[in-house]
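Keep in mind that the numbers below use all heavy atoms, side chains included, and drop hydrogens, waters and symmetry copies. Numbers restart at 1 for each chain; the letters A, B, ... are given by sequence-line order, proteins then strands.
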Amino acid sequence: MRALGAVKRPLLGILGLLLFIALWKTAYLFNWAPRGTIPDPFAILAALKLELANHRLLPAIGQSLIHYVWGLGVGTVLGFAVGLLAATSRLFDQVHYLLARVLRPIPPLAWVVFAIAWFQVSHAGAAFVISIGVFWVNYFATAAGVRDVDPRYYELARAFGNGGFLRRALTVTLPGAMPSILSGMRTGVGQAWMTLIAAELLGVPGMGQEMNAAAGVGAYGAVVVYMLAISVIYSISDGLFSTVERYALRWRP
Amino acid sequence: MSDMGFHIESLRYRYPGADTPIFEDLNFSIAAGEFIALVGGSGVGKSTVLRNVAGLIAPSGGRVRAPVRRREARPTAFVFQDTRLLPWRRIRANVRYGLTGLGLTRADKRERVDEVMDLTAIADLADRWPHEISGGQAQRANLARALAVRPRLLLMDEPFSAVDALTRSRLQEELLGIWRRLNMAVLFVTHDIREAVYLAQRVQVIRGTPARIVFDETVPGAGTTVRSDPELQSFTERVAGAL
């Protein structure tokens, strides 16, 4: 019975995918959108082959990864550091909380104008925009995680000679806040992809720019190829991160 | 010969913002190897006394005089009521937690941890996570962590209050065995009079607002293994009267 249940879920998942493709094909055949803007789902494989043959897909992925990794890295490190400071220093918390309240609601893409002005259309500009979204996610996750560490563990640390800043941070604060910190990092991994494509649509080399160029000549099949490439890369990165997260938090029930 | 006891002198503690101290004028000594039970009702400040003695909070008045610190040991060690095992450390790492900064080599630490885990019968739980063990086993690990630092004074804050009656009885026997073997002083806080009388050589009752010690007597025939001993029964009634 349990075995049947285990098989049922993926089978239903595949059925859902097939239904979606059928719906897509119907939309293509009956022109539910302006003619030519919905590609034939059965032509996507050919579009993929064409993008590979023209040496566009892999270089575009490589270009995107450059600013993705930089933006994600810088945003994560700064978000973690500032979040940690906000949760551990009352003075810093008081000095920055109003500023954070003003800046937080500004969407990362609103910074594109300044990114272009300061960094021109470059990897650095795209990384800058990506890092802003990632920064806030990690900032809030780290600050909340550190604040939520059970204060009784700090008393334990003091009672057993681990009350100094470094020992306390290493044995209580960081491991105690780790579930929240890792959850923030994982959200940041996804958030970075969303901002990345939007930033690239403005001209920074990468998959977003290729999508824009393909759409410009009506090659919507190629657009879908890049969309699926993003989905695959995101799934791989999220899967890897989830493995790391499971290992780091293996102590949880 | 230097004095190896702890001396609590005119100890007073007032919580920040409170009008009156929770306790005041506490005066008593704990001789080397002595087992004292401190009994009192809920909220009377028993645990706060322990925290003052452990140096976890600074007293509002008076002082705690501790003997000269031994090498590779801590003067006091705390056994918490809620076990407080760090969930992200395996049991062995939890037991080792207090050994940092004592100048021990890695081999010394390993030897010490092995020794106390054997003593508390948790050697086979070394690689488990805290959520994988029972309440009684967690209390043993809590005790092992405290014993590992070889304290002169073991401070125990109602350590058996959250376990079932059978486990509690077994843990009490084990604690007595360990205390006799290691010859360290114990200050044991409890609200259970029978537990206090059965375990300790001396029972103190703390009561009032601010609380003071209103009863401080040696248990007659301390060390008896018969819980129904008539002398203990009579003493128990006198402690209850003081409470």
Side-chain angles (χ1 to χ4, degrees), chain A residues 76 80 83-84 87-88 90-91 93-94 138 141-186 241-253, chain B residues 47-48 50-58 69 72-104 109 113 127-133 141-151 153-157:
Chain A
T76 302
F80 168 76
L84 190 62
T88 52
R90 185 171 296 180
L91 177 68
D93 186 45
Q94 287 168 342
N138 281 280
T142 304
V146 171
R147 285 196 186 107
D148 286 348
V149 173
D150 191 333
R152 293 175 308 154
Y153 293 134
Y154 290 116
E155 187 183 53
L156 170 80
R158 284 206 312 284
F160 284 91
N162 290 295
F165 177 79
L166 192 62
R167 290 293 306 163
R168 196 179 60 213
L170 292 177
T171 64
V172 175
T173 311
L174 291 179
M178 200 50 75
S180 180
I181 292 171
L182 288 177
S183 165
M185 286 180 177
R186 193 170 172 185
F241 198 89
S242 154
T243 307
V244 171
E245 191 179 28
R246 266 202 308 277
Y247 178 77
L249 302 180
R250 65 196 183 286
W251 49 270
R252 289 207 299 191
Chain B
S47 301
T48 311
L50 285 194
R51 281 173 172 74
N52 271 273
V53 176
L56 294 176
I57 48 177
R69 187 174 169 166
E72 300 177 350
R74 297 191 190 284
T76 62
F78 215 106
V79 178
F80 293 94
Q81 181 179 8
D82 53 11
T83 78
R84 223 167 285 192
L85 297 176
L86 293 169
W88 45 86
R89 293 171 80 101
R90 293 183 193 272
I91 297 304
R92 189 180 180 81
N94 264 291
V95 173
R96 197 174 53 223
Y97 189 58
L99 299 182
T100 308
L102 293 183
L104 296 167
K109 286 182 188 171
V113 170
D127 293 326
R128 301 260 191 100
W129 297 106
H131 76 266
E132 294 174 331
I133 63 175
N142 185 14
L143 177 60
R145 177 176 59 195
L147 295 176
V149 303
R150 295 194 178 155
L153 174 61
L154 192 60
L155 300 162
M156 305 187 78
D157 188 8

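- Nearest heavy atoms, A/G184 versus A/A141: CA-CB, 3.5 Å.
- B/R90 places a side-chain N or O within 3.5 Å of a backbone atom of B/D127 that can act as its donor or acceptor partner.
- Looking only at side-chain heavy atoms (C-beta outward), B/R51 and B/L155 stay at 4.5 Å or farther from each other.
- Interface with chain A: from residues 79-86 of chain B, residues B/F80, B/D82, B/R84, B/L85, B/L86 qualify, criterion being any non-hydrogen pair under 4.5 Å.
- For B/R89, the part lying under 4.5 angstrom from a heavy atom of chain A is the side chain only.
- Here the closest heavy-atom approach between residue B/F78 and residue B/N142 is recorded as O-OD1, 4.3 Å.
- Residues of residues 93-103 of chain B that come closer than 4.5 Å to chain A, counting heavy atoms only, are B/Y97, B/G98, B/T100, ordered by residue number.
- We find the CG-CG distance between A/L84 and A/N138 to be 12.0 Å, quoted to the nearest 0.5 Å.
- Considering CZ of B/R150 and CG of B/L104, their distance stands at 8.0 Å, rounded to 0.5 Å.
- Contact annotation for residues 245-253 of chain A against chain B (heavy-atom separation below 4.5 Å, listed by residue number): A/R250, A/W251, A/R252, A/P253.
- Residues A/D93 and A/R147 have side chains in contact (heavy-atom distance under 4.5 Å, counting atoms from C-beta outward).
- Scanning residues 172-182 of chain A against chain B with a 4.5 Å heavy-atom cutoff picks out A/V172, A/P175, A/G176, ordered by number.
- Within the 4.5 Å cutoff, side-chain heavy atoms of B/L147 are placed close to those of B/L154.
- Here the straight-line distance linking atom CD of A/E155 with atom CG of B/L56 works out to 5.0 Å at 0.5 Å rounding.
- Distance NZ/B/K109 to CZ/B/R92: 12.0 Å, rounded to 0.5 Å.
- The distance from the CD1 atom of B/I91 to the CZ atom of B/R145 is 9.5 Å, given to the nearest 0.5 Å.
- Among all heavy-atom pairs drawn from B/A146 and B/P151, the shortest one is O-CD, 3.4 Å.
- In terms of heavy-atom pairs under 4.5 angstrom with chain A, the leader among B/A148, B/G55, B/P87 is B/P87.
- For B/A58 against B/N52, the heavy-atom pair with the smallest separation is C-OD1, 3.7 Å.
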